[in-house]
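A short worksheet on the structure shown next.
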Amino acid sequence: MINLPKTYDPKRVERKWYSLWEERGYFKGRTDTGKPAYSIVIPPPNVTGSLHMGHALNCTLQDILIRWKRMKGFNTLWLPGTDHAGIATQNVVERQLAQEGKTRKDLGRTAFEKRVWKWKKIAEDNILSQIRKLGCSCDWSRQRFTFDEGLSRAVREVFVRLYEDGLIYKGEYLVNWCPRCRTAISDLEVEFAPTRGHLWHIRYPVKSSDEFLVVATTRPETMLGDTAVAVHPDDGRYHHLRGGTAVLPLMDREIPIIEDTFVDREFGTGAVKVTPGHDPNDFEAGRRHELPIVKVIDEDGRMTADAGAFAGLDRYRARRRVAAELERLGLLEKVESHGHNVGRCQRCSTVVEPLVSTQWFVRVKPLARTALQAVEDGSTVFVPANYSKIYSDWMTNIHDWCISRQLWWGHRIPAWNCEDCGHSTVARTEPESCSRCGSARPVQESDVLDTWFSSGLWPFSTLGWPDRTRDLETFYPTSALVTGFDIIFFWVARMMMLGLRFRGDVPFGKVFITGLVRDPHGQKMSKSKGNIIDPLEVIEEYGCDAVRFTLAVSAAPGADIPFSISRMAGYRAFCNKIWNGARYLLLNLDQGLSAEEEDIGRLWEKGSLRLEDRWILGRLQQINQETERNLERFFIHSASNDLYHFFWHEFCDWYVELIKGRINGGDTVAAQVATHVLERSLRLLHPFVPFLTEELWQRLPHSGDTIMLAPFPEARPEWIDPDDIERMTQLQELITALRTARAENNIDPRRRLPAEFTCPFLTRGFLESQSHHLKTLAQLGEIEFLDGLSREGLRITGVANTTQFSLRLDQAIDLAAEKDRLQRQIGRLEEDRIRLDRKLDNENFVRKAPAHIVDGARRRRQDVGTQLNRLQDMLHGLPEP
RNA sequence: GGGCGGUUAGCUCAGCUGGGAGAGCGCCUCCCUUACAAGGAGGAGGUCGGCAGUUCGAACCUGCCACCGCCCACCA
């Protein structure tokens, strides 16, 4: 006897199967097969901590795709790995050090790097075990890390080639600087937030005049670095000052009054102080007008020696002091409250300081052109499609990318600076001498690369590039990328540019953009709100398959996902339902029964199948087709939802209930069909709920070692018979109407009631053939078919489609309630009748609408008429209360 | 300042190519019927944000408006 517990126990099952799958090498991609490849590279999680719900969603979706394609016979590869995440990881470790009262400088670079590597190991082990707990079928033999030996080689190769092609340059420019992280960051790493501040109006004396030029600024401390005042060339108010000079207060520096169209005449006084050293606009203006740059704020956010009396002060302190000093001198005209955007460091929220420094940049325009083209011509397709516009807009307006970081954790820039002539020699390996002056004293650049530089290579660096490997040949370009909208620019765009540049082909054919996983009320999950749901905790409590299914069914493309615990409980129940549906069949099955497609085909041809068999087989084919279609277009929410409904509410609720009598009577046909449908359903469900389906599949008759490698079912459209499905629907509606009538009259569900039916001739034949089902599922006794219903005795009555029924009672019912029920039903039908009449009376509708729509309306109108007549009849037939 | 998305049942959301408004959870009634109480049967609940237009027909297409959210942008 088969021993299956009454409820599904995920823990036991999950432990068992994952290690077996992995040990047997089922996850491995191959290079020695003629099968078409389907590959995905994981968006590598940062080694900063543990996985959150977003990762769980992302991984689940990828695993669904990979498992599906694997079953479809593709040579699949899902390549896992992690990201060294430069600045983010360095910050994590620095925080740990701070707990010990230390800074990274106390350790020194080498010891600090060692410390980060130690942490990396811990975080990575943790992350990888979490990915395994999610059931992900990654090829662990190909696991990569953005900072491992091979990938570092790829990074150097790319850097050198870009440099040689003139696409990387070093120079002194204004960059975004984080004074806390003490590094330059890219434009993307600055997050702007509306902030309430002030607008200081400052009087700049005009040289050789009593006049003042009033400028407005939100950052008075930067005035110390002003090297001009700008007005609009068409601004009549200032024409008399053309070519003039202003005297910078506090510094007593003479600065020119320049004219430039970047000035907005409407804003403030129409005169702008120009600080090329600390403002992006002013920097540009400074270059146009060849203005000197005075750097008054340093890398720590303190005032430099060039800030005169304010040197050494923190920038905010300096702001207050400058304002106070101006006030004292009567040069502060007014201070207004002012709202504006302030940029902060993405990693630490410190207010970013624009300052001039020497950095390395990628000239991205040439790269962006190809990357733009590839999306326009459909080589890479975004799902949902509207993201391609967001991508294109960004690519079109792209600025050069600052790639150097003054950090310790990351790929050292492969450039060696000459101690003698200052030249940078860029090379794949350490050069013996300076490439310009030949000096033997080149020292490697201490800066590291932006972490996205290495992740931008991920789709090919992980496959062995720059070597020409079988892996590259087989799996590049990858098939799909699954990722969040938040890293389209950071990551997707860079991969597109670099993939096209170095592989001559897009890195992926499809980009599936997922939304944000939110808390059950649609709020963003965050530590401060305390509403974080830990994937591991819910897996522990509800089982991996329930968590996966919840994520899958919620994942409408591009939409955010409120992760609902109550919903997950519902899907855990679904897992249990699958378990018990299978359990029922297994407990009642003959061992050795064969339920392969050919067996069912023979039964079909011999005509041994009954209506319910043909119906469920037809529905299975339809669901199979739909699942395929939906997965193909990344409608994972629809695919999973359809399967849910089919398995539970069609297979279990109807089919299994319909055949119980046959099963008890030893009908092997029913057993075969049921087993077949179950086995196919498990395969269809496997990508979504891998553990449960494997566990059950192993107990069913089949060939093969694992459901993972069993073929994904292919629909047989010839098994879809619309007539069967239509008739079955009618039967279901009648049974439901009978149940409703009983329930609403509070009839004991166990009591069998004798029934009379009146219906059209054709329906009668059909119902007679299905009367056993009516008896079982609606708890009926004797059934009679009459031309008109008799009226004697106590009865409850009802109607479904064209069939009228009457159930004889031997107990009193609440006549008022029954009357009320009939009237409600009549009311609803009356509304339908009016609506349909209006439609059909409309000549235009009849003339212009497609024939099948008009026919459908006519048929419905007829049915509604019949039902109404019958209900009226019944209502009048009710005895007075 | 530009761009994108959303507004559907008490809650959270589906609704594909325009043609009888759906799911899960919650709520109410009945039932522990030997697959499953993490279950079964039934029920209540919606002017599909507003207005206008296109159409025989609009939750769906178009325009305007309102509110919410997101992204991008150098307004001192």
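Residue numbers start from 1 in every chain, and the chains themselves are labelled A, B, ... in the order their sequence lines are given, proteins ahead of strands.
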Side chain to side chain donor-acceptor pair (under 3.5 Å) between A/His198 and A/Glu336: does it pass, once the steps are laid out?
-> CA-CA 5 Å; A/His198 300 279; A/Glu336 294 173 319; over 6 Å; no
Side-chain donor or acceptor of [X] paired with backbone N/O of [Y] under 3.5 Å:
| X | Y | value |
| --- | --- | --- |
| A/Lys529 | A/Lys524 | yes |
| A/Thr275 | A/Lys273 | no |
| A/Asn745 | A/Ile747 | no |
| A/Asn531 | A/Ser526 | yes |

Would you indicate what [X] reaches in the nucleic acid, counting non-hydrogen atoms under 4.0 angstrom: base, sugar-phosphate, or nothing?
| X | value |
| --- | --- |
| A/His340 | sugar-phosphate |
| A/Arg835 | sugar-phosphate |
| A/Asp264 | base |
| A/Val263 | base |
| A/His399 | nothing |
| A/Phe192 | nothing |
| A/Arg828 | sugar-phosphate |
| A/Lys6 | sugar-phosphate |
| A/Asp653 | sugar-phosphate |
| A/Phe489 | sugar-phosphate |
| A/Arg583 | sugar-phosphate |

Considering residues, nucleotides and ligands other than A/Gln862, do more than 12 of their heavy atoms fall under 6.0 Å from its CD? no
- Task: Mark yes when over 12 heavy atoms from residues, nucleotides or ligands other than A/Arg633 sit less than 6.0 Å from its CZ; otherwise mark no.
- Result: yes
key: Aromatic plane relationship, A/Phe485 with A/Tyr387 - under 30° parallel, 30 to 60° tilted, over 60° perpendicular   = parallel
Taking the side chain as every heavy atom from C-beta outward, state whether A/Ile796 and A/Phe805 have any atom pair closer than 4.5 Å.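 Heavy-atom side-chain distance check fails, nothing below 4.5 Å.
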Its dot-bracket string being built from Watson-Crick and G-U pairs below 3.5 Å, with | for another strand and [ ] for crossing, RNA chain B has the pattern (((((((..((((.....[..)))).(((((.......))))).....(((((..]....))))))))))))....
Under 4.0 Å from a heavy atom of chain A: give me the 5'-most and 3'-most nucleotides of RNA chain B that qualify.
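Contacts span B/rG3 to B/rA76, reading 5' to 3'.
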